[in-house]
Amino acid sequence: MLAVLVHVVIGVLPVLGFLAALVALDSYKLVTIRSVVTVAGAGLVAAVVCYFANDYLAAASHLDFRNYSRYVGPVIEELAKGLIVVVLIRMHRVGFLVDAAILGFAVGTGFAIVENVYYQHLVPDASVGTWIVRGFGTAIMHGGCTAIFAMAGLVLRERSQNPSLAFVPGFVLAVVLHAAYNHAFLSPMLSTMGVIVVLPPLMLFVYQRSERATADWLGSGFDADTEMLEQITSGRFTDSPAGRYLATLKSRFQGPIVADLLCYLRLHTELALRAKGILMMRESGFDARIDEPTRAKLVEMRYLEGSIGATGKLAMKPLLHAGNKEIWQLRMLESAKASAQPASDAS
């Protein structure tokens, strides 16, 4: 029993430790622990699905284990893990390279835990050296490949004219890396050392680049949102480019809807400022929480979205700078709102 426990610890602890380090290094706290656990749970499910899929395809293809694990298994497994990442990005739950890396690695972590626990059941008398390879090599490889796919998908989707095809290069890269690891061109220990040597510096480089990009986005976005809010509240809005654009909508929408459009713009800008303020406070070490007025504004904004309809939201898009990061920041507020306990409910 002790040997089994040691094997499981060696097989699971390295990838969990790496994931914990990624979360700890996130100075803006872009990802909550709850999100990490949930996404890792999705990775667990993906591993179970792949077990049955691989079992069926291996029998149907008549390939031996070595060739299947080199050429088919990586495609199936990276596809299962990657679909979770695609859903997260399309739902605007990922905004920056840092949270793409964390959530992508979390998916791979959940996947690797199931795979290693099953391996312990399959080969209970495997040596400690084998478990070092599985814990520090295979498990971290799973997390690293999915993290790379997530980062590549996020970057290319923001730049691509065809968002659906933006995930293809990252998927191909993840499959190639996974297959190369399974080919074992080097000895298992050298392959494991390669994962350990390459992945941490790569993640550190990504974090540094993302931190600078996040700081730049916060600075420019905060200034733009502040200027927009000042124009709306000072009475100078009608003379601004945004005000003149909104005036052109009077011929397309009824008067009450135009008023709702202006209210929607104001609320959206206030919430965007609040989200950026929270990120700045977190980066400075403060535990920023969603207060009751912010929760009320989120409810009001969703009501106004129903009032102006899809056409109204589309008409307001040029004023909202509704890119991935801008939508993500509102999703962040909503997630924090859902997990926060209102003060009135506290015991």
Side-chain angles (χ1 to χ4, degrees), residues 86-96 154 157-164 166 217-280 288-340 342 344:
V86 170
V87 170
L88 291 171
I89 292 177
R90 288 180 65 88
M91 292 178 63
H92 302 286
R93 300 296 180 182
V94 180
F96 302 88
L154 180 67
R157 190 169 189 268
E158 291 178 344
R159 299 177 180 178
S160 175
Q161 298 295 326
N162 191 333
S164 298
W217 174 78
L218 283 173
S220 60
F222 196 91
D223 291 342
D225 291 337
T226 301
E227 182 180 1
M228 176 70 77
L229 191 59
E230 286 179 351
Q231 290 175 350
I232 294 173
T233 57
S234 66
R236 296 183 289 107
F237 181 72
T238 54
D239 296 327
S240 67
R244 289 191 290 270
Y245 172 78
L246 192 61
T248 63
L249 300 180
K250 292 181 179 179
S251 60
R252 304 180 186 180
F253 296 94
Q254 297 178 353
I257 299 299
V258 175
D260 284 345
L261 291 174
L262 180 58
C263 290
Y264 180 73
L265 176 62
R266 176 181 58 79
L267 275 174
H268 191 284
T269 306
E270 290 176 350
L271 289 169
L273 278 170
R274 176 58 177 155
K276 293 180 177 69
I278 287 175
L279 291 178
M280 291 176 178
R289 298 182 181 272
I290 305 299
D291 54 17
E292 188 59 40
T294 302
R295 286 194 285 268
K297 288 177 181 178
L298 284 167
V299 173
E300 185 180 357
M301 191 183 72
R302 294 310 175 201
Y303 170 79
L304 285 172
E305 284 183 345
S307 175
I308 64 177
T311 305
K313 288 175 64 177
L314 186 63
M316 293 299 290
K317 195 171 182 179
L319 301 181
L320 300 178
H321 310 291
N324 182 64
K325 292 181 177 62
E326 285 70 26
I327 299 175
W328 172 88
Q329 66 187 352
L330 297 182
R331 294 286 188 271
M332 180 198 72
L333 288 179
E334 290 176 332
S335 298
K337 169 181 173 288
S339 60
S344 60

S160 side-chain N/O to R157 backbone N/O, donor-acceptor pair under 3.5 Å: no
Partner residues of S234 under the side chain to side chain donor-acceptor pair (under 3.5 Å) criterion, sequence neighbours left out: R236
Set of side chain to side chain donor-acceptor pair (under 3.5 Å) partners for R244, sequence neighbours left out: none
Non-hydrogen side-chain atoms of H268 and L330 separated by less than 4.5 Å: yes
Side-chain touch T311/R252, heavy atoms, less than 4.5 angstrom: no
Shortest non-hydrogen contact between G312 and L261, atoms and distance: O-CD2, 3.9 Å
Non-neighbouring partners of E230 that pass salt bridge (charged side-chain N to carboxylate O under 4.0 Å, His left out), sequence neighbours left out: none
Salt bridge present between R295 and E292 (N-O < 4.0 angstrom): yes
Nearest heavy atoms of L333 and L271, plus distance in Å: CD1-O, 3.3 Å
Residue pair D291 / T294, side-chain donor-acceptor N/O under 3.5 Å: yes
Test item: Q329 and L279 side chains (from C-beta on) under 4.5 Å apart, heavy atoms: no
Exceeds 12 heavy-atom contacts within 6.0 angstrom, atom NZ of K276: yes
Contact check, side chains of L249 and I257, non-hydrogen atoms, under 4.5 Å: no
K297 and M301, any side-chain heavy atoms less than 4.5 Å apart: no
Straight-line distance of L229 CG to Q231 CD, nearest 0.5 Å: 10.0 Å
More than 12 heavy atoms of other groups within 6.0 Å of Y245 OH: yes
Donor-acceptor contact present, side-chain N324 to main-chain V94, <3.5 Å: yes
Pair R331-E334, salt bridge (Lys or Arg N to Asp or Glu O under 4.0 Å): steps then yes or no: CA-CA 5 Å; R331 294 286 188 271; E334 290 176 332; 3.7 Å; yes
Side-chain heavy-atom pair Y264, L320 within 4.5 angstrom cut-off: yes
Heavy-atom side-chain proximity of T269 to L319 below 4.5 angstrom: no
Side chain to side chain, L246 and F237, heavy atoms closer than 4.5 Å: yes
SB check R274 E270 (cutoff 4.0 Å): no
G95 versus K325, closest heavy-atom pair with distance: O-CG, 3.5 Å
